[in-house]
There are 2 protein chains.
Amino acid sequence: MAAPEGLFVLEGRPTAQLIADQLREQIVQGTFRPGQQINESAVAAQFRTSRGPLREALQRLCQEGLLISHRNRGVFVLELSTADIKEIYAVREAVELAASDTLMDAGQDQINDTCLGLKEIIRDMAKHVAVSDWQAIARLDMQFHTSFVAGTGNTRLIRIYETLAAESRMCILSLEVAYPRLDVLVQEHQNLLDLLEAKDRNGLQQAVKRHLQKAVEDLTVTRQDDEIIA
Amino acid sequence: MAAPEGLFVLEGRPTAQLIADQLREQIVQGTFRPGQQINESAVAAQFRTSRGPLREALQRLCQEGLLISHRNRGVFVLELSTADIKEIYAVREAVELAASDTLMDAGQDQINDTCLGLKEIIRDMAKHVAVSDWQAIARLDMQFHTSFVAGTGNTRLIRIYETLAAESRMCILSLEVAYPRLDVLVQEHQNLLDLLEAKDRNGLQQAVKRHLQKAVEDLTVTRQDDEIIA
DNA sequence: AGAGTGTAGATTGTCAACAATAGGCGATGT
DNA sequence: ACATCGCCTATTGTTGACAATCTACACTCT
């Protein structure tokens with residue numbers, strides 16, 4: 001008989017990772033503001049666990065770069081400067097260009113599978129555009145790019161990109177007003193998908209570059225280089 | 001009056017990181033063999049600390065990918081398959097190509113500083129070639145590439161590359177015999193440096209690609225795709 | 001008034017004991 | 001002889017208490 005659905009793995013993953021995942025989501029959603037201190041005792045109580053596992057989760061997020069730890073003072077939510085934004089998007093460009101190249105050299109099946117997932121995400125984006133839910137759009141935006149990179153099957157590239165995606169969501173979070181017109185955004189992603197399907201290697205690479213450079217411009221406009229985002 | 005040299009920061013960095021750094025060095029040097037389990041109590045005693053800080057260090061290395069954690073069983077030193085090698089070097093290519101591009105667009109001062117450091121490393125390599133100390137050569141090899149990427153000043157790119165460098169050293173560690181002729185290796189790095197100094201963007205990119213592809217070939221020759229390296 | 005110092009509070013860093021789990025080994029039954 | 005069941009040991013996962021450290025504030029002295 002097949003296993004019942006509900007208790008499929010029954011907490012099979014390490015506890016600290018479950019906590020880290022939830023915390024990360026709260027951070028990129030803005031429940032914890034940039035610069036805010038994370039009180040170990042308080043948050044541990046919130047998760048109904050002790051400080052040990054929570055510290056492990058915090059350290060994990062520190063290494064991902066979402067939190068920053070000051071010895072004997074605690075961990076704080078990262079404050080992103082425009083220099084950080086440029087760094088993040090420079091690395092994203094490197095990863096996505098490599099992913100494009102890898103996908104182009106991959107089998108047609110692999111490309112088809114990837115496109116299938118991406119189409120689904122674009123459909124979801126379109127739905128949320130209708131109600132201007134840009135919080136959801138931001139999530140799907142990063143989900144699109146993550147799926148794109150995931151198409152390569154390179155687990156290390158994927159893991160790297162996931163942390164970049166989280167940081168990017170933090171950028172967007174702090175700058176909702178600067179988020180471009182939503183319908184244009186969907187169109188841009190559709191364009192990337194089309195170029196992938198058409199196996200237009202050069203066109204795709206140029207489109208990726210433009211897409212990311214445009215994002216940096218939107219995120220850094222009217223700000224000084226070392227200014228911290230509120 | 002200037003501060004005395006010895007107690008400059010007095011353990012200013014988090015303890016777990018100090019432990020992690022030492023452990024990482026022991027792993028890439030082969031003190032801990034691939035597949036071997038890391039016993040928390042034993043290693044904690046070795047470092048004259050308790051399991052708490054050690055666990056944090058282990059978790060850090062897990063996230064870097066050098067160790068792998070099995071719930072309720074412990075952490076083990078990663079065993080690299082040829083698929084892993086291909087992944088690692090694919091990401092390295094992505095990062096180094098991006099670094100090349102960034103450096104080419106950077107100021108001449110930045111390039112000069114980078115080249116200065118790289119020259120120093122190549123000199124050191126040449127010394128160790130004389131005595132065929134390929135353990136040291138492997139370290140300097142990765143140091144060269146890390147310095148190259150560090151030249152961009154992109155802290156995120158650097159952090160990513162440092163973990164890739166550690167993984168690469170593990171690859172090389174398991175395959176000493178396959179390491180190419182040492183003098184050729186020095187020549188290849190000298191070539192990369194020359195192309196950087198000449199600001200030959202295209203030539204440098206092609207050289208980086210060849211250099212890394214050659215490494216993959218050396219590391220994967222005569223092995224099946226999913227075979228584990230002893 | 002201002003600078004420096006001492007104290008108090010809160011928070012993190014560390015530790016050792018306790019609980020839970022997985023894998024190994026032997027006994028038992030077929 | 002083989003498979004299965006149950007215990008046992010080693011190791012990890014978790015917890016709460018203790019120690020060390022930093023920041024803030026009030027107090028004193030110049």
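To find a chain, count down the sequence lines: A is the first, B the second, and so on, and within it residues start at 1.
- Distance alone, capped at 3.5 Å, is enough to place a donor-acceptor pair between the A/Glu87 side chain and the B/Arg156 backbone.
- Ion pairing between B/Glu120 and B/Arg123 holds under the 4.0 Å rule for side-chain N and carboxylate O.
- One finds no salt bridge joining B/Glu93 and B/Lys86 here, because no Lys/Arg side-chain nitrogen approaches an Asp/Glu carboxylate oxygen to under 4.0 Å.
- Judged by distance alone, with hydrogens and angles left aside, the side-chain atoms of B/Gln110 form a donor-acceptor pair with the main-chain N or O of B/Thr152 at under 3.5 Å.
- Boundaries of the chain A contact region on DNA chain C are C/dT11 to C/dT14, first to last in 5' to 3' order (nucleotide atom under 4.0 Å from a heavy atom).
- Of the inter-residue distances, the one linking A/Leu61 atom CG with A/Leu78 atom CG reads 11.5 Å to the nearest 0.5 angstrom.
- Remark: B/Cys62 pairs with B/Leu67, B/Ser69, B/Val75 by the side-chain contact (heavy atoms from CB on, under 4.5 Å) rule, at least two apart or across chains.
- Atom CG of A/Leu212 is separated from atom CD1 of A/Ile88 by 12.0 Å, given to the nearest 0.5 angstrom.
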Per-nucleotide protein contact string for nucleotides 9-21 of chain D, where B marks a base within reach and S marks sugar-phosphate only (heavy atoms under 4.0 Å, - for neither) = --SBBBB-B---S
